[in-house]
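In what follows, every heavy atom counts, from backbone to side chain, and hydrogens, waters and symmetry copies are set aside. A quick note: this is a predicted structure, and the numbers were derived from the prediction, not measured.
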Amino acid sequence: MSQEPQAQAATPKSVPLPQARGTAVLPKRVKGTLAAASLAVLVAHLANAMPGALNGVFQQTFNAVGSQLTWITAAFMIPVVVFELTFGALGDKFGHRKLVAGGAALVIVGALACTISPSIEWMWIGSALNGLGAGAIYPSSLALVAAVAQTPKERVRGIAVWAGFLSAGSVLAPLLGGTFDGFGWWRGAYGVVVLASLAALLLTLLRAQESERQSSRRMDLWGQATFALGLILVLFGLVQGPEDGWSAPHVVSSLAIGALLLVVFVVIELRTESPLLDLRLFRNRQFTISSIVAVVGMFAFLGALFSTSMWLGPVQHQNGLYIGLLFVLLQGPAFFLIPVIHRLQAWIAARWLLTAGFLLIGAGAFLASQNSVLDRNVGVFVFPSLLLGVGFALALAPMTAIAVTTVPRHQTGMASATTNLLRDLGFALGPVLVGAVALSSAASQLLPALQASGLPADQLGPAIDIAQAGGPIALNSLPEGVPGAAAHELALQALGSGFSLAYIVCALAALAAALLSFIGLHGIREEHDHAEEPETGALEAA
């Protein structure tokens, strides 16, 4: 995702776009490249969005506790965030076609691991491989589309098609997962991802045109190492803290060492000649504000999505198809409203769209927090989900637009890449932080409720043991008739209260992002010569 804006900034409209050195791009090669890149990014986003409709069945299949379910989603997003900029640099150096093919191969392996997974640990490994493959596909597939276009008009069409396929993955994934779950075989959804990834790999190898390589580009290896290890350790501590205890030695040490490594990363980036992340961009006040907005706002959206997935899945154990249909409302507007948002961007300042989008996200999260966990009517989530989905669609496109119009033109490539990275960091933090809030709150309420419940000893003892060992999710999922199952409603209410609090946190984060957008980005000067290029709207909508 980070490469196209760099090409855009470097290529005047009157100059033909760059081709692979010494190679004439034939029309069929252009079509083949576009088809390969589009299918690859569709596959990557299918793997990304699949767990949304399936967390409930994951819990039942693997008897998973809360943090274990969080890791399925987090294991995908962490490699995307950690290696996003590095994959872009590797594609520049060695060729983006190779990165797309390698990414598709990793998704094949990852999705196959999920298809045959005998344990939750296999799901983590499969999700991590899917995330690593997607992290290579996202920037490199877009760079291929830009590289083979011979005119700006071809580039506009190519990026619009690419953006449409990426967004379509968000719509198809929950429907695919919910449908297969409805037939009683959720693994088949990942089997489809395996076959689609194989098709993307073959299409890339046989039909895609390689991009021009920049063999002289230097790699910031120390920066990559400290950023990767630091972020992974911090996220590990945040995920495990609610169940292992925030004072547990491995949680404290993970958070402390991770934070230290991130400080070292900042020092390295300030001193190296070829930084992975150009921190000088943050000297620009408006860019800094838009970056904070990207992290906080996207945390609010994906946190609300994760809360909905957990509420309807492991908490209420709703039908997977219903969850899949609901997720169309959550993620579909970003696809279906692409042309509408593009037109709005031509008439309305990005600051206003961003503010409106985050207000809708906040409203959707707040309304969801008012639902009762005892009400199993999925329909109560329809309107909040629609608000969340439309708000996300409105907010997503302007983020990159603001980032690239508040810095000098020669920095637009790095600015867009940095905004993408921070946006994805917000996505990664969403399930991690709201999972920590919800599960910590539920656990703190459950044990006192059990002790004051008056349950008979043969039910109370096992219930307390299960709650202490596996948390509220484990107790909530006990089948009827087994020791401890009489405490099911107490666990259900604790989880409902916990995830209601998580929704409130997401609503407050969205409100903060809206206020920061409205106040902090006041007076922003938007360079309309950037906005005149129609492909930018298609790209940002993705």
Side-chain angles (χ1 to χ4, degrees), residues 1 4 38 41-53 73 76-77 80 134 138 141-142 159-177 293-294 297-306 308-309 324-345 348 350 353-365 381-402 416 419-420 422-424 426-428 430 506 510 513-514 517 534-542:
M1 282 183 283
E4 194 281 332
S38 299
V41 79
L42 171 67
V43 163
H45 227 51
L46 279 176
N48 181 354
M50 191 68 72
T73 301
F76 183 98
M77 286 307 306
V80 173
Y138 286 143
S141 60
L142 183 54
I159 292 174
V161 171
W162 179 93
F165 272 81
L166 183 146
S167 300
S170 298
V171 181
L172 294 176
L175 289 177
L176 190 65
V293 165
M298 293 304 97
F299 154 75
F301 175 70
L302 208 70
L305 251 70
F306 183 73
T308 302
S309 173
L325 291 171
L326 189 66
F327 265 67
V328 173
L329 297 178
L330 287 163
Q331 298 181 307
F335 170 60
F336 294 114
L337 295 180
I338 285 176
V340 176
I341 301 301
H342 178 47
R343 288 184 175 85
L344 287 175
Q345 284 184 280
I348 302 174
L353 290 176
L354 206 58
T355 301
F358 288 133
L359 286 176
L360 287 176
I361 290 173
F381 277 94
V382 169
F383 186 59
S385 297
L386 187 59
L387 290 178
L388 285 163
V390 174
F392 177 63
L394 285 174
L396 184 59
M399 282 191 295
T400 303
I402 289 178
S416 181
T419 300
N420 288 344
L422 293 171
R423 179 195 65 199
D424 290 339
F427 285 155
C506 294
S517 300
E535 67 268 34
T536 305
L539 169 66
E540 290 154 3

Hey, are the side chains of [X] and [Y] touching, using non-hydrogen atoms and a 4.5 Å cut-off?
| X | Y | value |
| --- | --- | --- |
| W162 | S141 | yes |
| L360 | L388 | no |
| L344 | L337 | no |
| L396 | I341 | no |
| L386 | V390 | yes |
| L305 | F392 | no |
| F299 | R423 | no |

Value rounded to 0.5 Å, distance of [atom1] in [X] from [atom2] in [Y]:
| X | Y | atom1 | atom2 | value |
| --- | --- | --- | --- | --- |
| F327 | L175 | CZ | CG | 11.5 Å |
| L325 | L330 | CG | CG | 11.5 Å |
| L329 | F381 | CG | CZ | 12.5 Å |

For this session: Begin with the C-alpha distance, continue with both residues' side-chain angles, and end with the deciding distance and a verdict on side chain to side chain contact (heavy atoms under 4.5 Å, CB included) for V80 and F427.
Result: CA-CA 10 Å; V80 173; F427 285 155; over 6 Å; no
Problem set entry | Y138 and H45 aromatic centres sub-6.0 Å |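 Between H45 and Y138, which both carry aromatic rings, the centre distance is below 6.0 Å.
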Show the nearest heavy-atom pair for residues [X] and [Y], with the distance to one decimal.
| X | Y | result |
| --- | --- | --- |
| P333 | G389 | CB-O, 3.5 Å |
| A334 | S167 | O-OG, 3.9 Å |
| A395 | L354 | O-CD1, 3.1 Å |
| N48 | M77 | OD1-SD, 4.1 Å |
| P174 | A53 | O-CB, 3.8 Å |
| P398 | L353 | CG-CB, 3.7 Å |

